[in-house]
Amino acid sequence: MKVFDFDNTIYRGESSIDLAVYMIRNNKKIILYLPMIFTNLVKYKLCMVGRKEMEIILNDFCQAVMGDKDEVPEIIDRFWQIHAHKLNRKILKRIGPEDIIITAGPDILINGIRDRLHTEHIISSEVDLDGRRFAYLNYKENKLKRYREL
């Protein structure tokens with residue numbers, strides 16, 4: 001069994017950040033939240049945001065900008081049509097069915113390419129589309145917790 005991190009390993013870059021940028025470009029009401037997004041993005045990149053604070057930020061953002069839950073699969077599909085080239089094919093070839101992929105990214109994003117990842121053992125943040133919030137944030141110490149559970 002091998003363990004892979006998704007962002008900056010399988011995916012060249014930060015998939016959640018790319019999704020946020022994609023959504024900003026395609027959803028004009030997000031423009032109102034740009035100052036908050038960029039401030040917290042800088043804090044995140046500098047590791048200045050704790051898990052609890054990150055959960056609050058993400059849930060507030062989801063409540064404000066997430067539209068109809070039925071639109072989400074279409075948005076994710078369009079995102080991957082544009083960003084699939086950022087998947088590292090060499091790394092993908094090394095992933096076997098017994099391997100594990102860990103990401104802080106949301107399950108709705110990873111599920112959009114699940115068939116390309118060659119394993120069902122994927123640990124990610126969980127999004128409750130009905131409640132428009134993160135049900136579980138797989139961030140910092142939560143990654144290790146979920147890994148041990150698996």
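- In this structure, Asn111 contributes its side chain and Arg114 its backbone to no donor-acceptor pair below 3.5 Å.
- Note on Tyr136 and Leu19: separate hydrophobic clusters, where clusters join Ile, Leu, Val, Met, Phe, Trp and Tyr whose side-chain heavy atoms are under 4.5 Å apart, directly or indirectly.
- Listed by chain and residue number, Tyr22 satisfy the side-chain contact (heavy atoms from CB on, under 4.5 Å) test with Ile82 (two or more places apart in sequence, or in another chain).
- Across all non-hydrogen atoms, the minimal contact from Ser16 to Gly105 is OG-CA, 3.4 Å.
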Steps toward side chain to side chain contact (heavy atoms under 4.5 Å, CB included) verdict (Thr119, Glu98): CA-CA 7 Å; Thr119 185; Glu98 72 285 352; over 6 Å; no

Derivation and outcome, side chain to side chain donor-acceptor pair (under 3.5 Å), residues Asp7 and Ser15: CA-CA 6 Å; Asp7 291 313; Ser15 59; 2.7 Å; yes

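- Annotation: side chain of Leu87 is in contact with side chain of Trp80 (closest heavy-atom distance under 4.5 Å).
- Between Ile101 and His121, every side-chain heavy-atom pair lies at or beyond the 4.5 Å cut-off.
- Between Leu117 and Ile10, some side-chain heavy-atom pair lies under the 4.5 Å cut-off.
- With sequence neighbours left out, the side chain to side chain donor-acceptor pair (under 3.5 Å) criterion links Asn142 to no other residue.
- Residues Met1, Val3, Ile100, Ile123, Leu144, Tyr147, Leu150 make up the rest of the hydrophobic cluster containing Ile102, defined by ILVMFWY side-chain heavy atoms closer than 4.5 Å, directly or through other members.
- Under the 4.0 Å criterion applied to side-chain N and carboxylate O atoms, Glu126 and Arg146 are assigned as salt-bridge partners.
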Stepwise side chain to side chain contact (heavy atoms under 4.5 Å, CB included) test for Leu109 and Ile76: CA-CA 6 Å; Leu109 180 60; Ile76 298 301; 4.2 Å; yes

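- With values rounded to the nearest 0.5 angstrom, Ile122 atom CD1 is found 11.0 Å from Asp99 atom CG.
- Summarising the geometry, atom CD1 belonging to Ile110 is positioned 12.0 Å from atom CZ belonging to Arg116; distances are rounded to the nearest 0.5 Å.
- For the atom pair CD1 (Ile91) and CZ (Phe6), the distance works out to 12.0 Å, reported to the nearest 0.5 Å.
- Across Thr103, Asp5, Asp18, a single residue satisfies side chain to side chain donor-acceptor pair (under 3.5 Å) together with Tyr11, and that is Asp18.
- His118 has its side chain out of reach of Lys93: every pair of non-hydrogen atoms, C-beta onward, lies at least 4.5 Å apart.
- Here the straight-line distance linking atom CD of Glu71 with atom CG of Leu129 works out to 11.5 Å at 0.5 Å rounding.
- The side-chain heavy atoms of Pro106 and Ser124, taken from C-beta on, include no pair separated by under 4.5 Å.
- A salt bridge links Arg78 and Glu74; the closest N-O separation between the charged side-chain nitrogens and carboxylate oxygens is under 4.0 Å.
- Counting only heavy atoms from C-beta outward, the side chains of Leu137 and Ser125 approach each other to under 4.5 Å.
- For the pair Lys2 (side chain) and Gly96 (backbone), a donor-acceptor distance under 3.5 Å is absent.
- Using a 4.5 Å heavy-atom cutoff, the side chains of Leu92 and Ile95 are in contact.
- At least one side-chain heavy atom of Lys43 sits under 4.5 Å from a side-chain heavy atom of Glu53.
- Atom NZ of Lys145 is surrounded by 12 or fewer heavy atoms from other residues, nucleotides or ligands within 6.0 Å.
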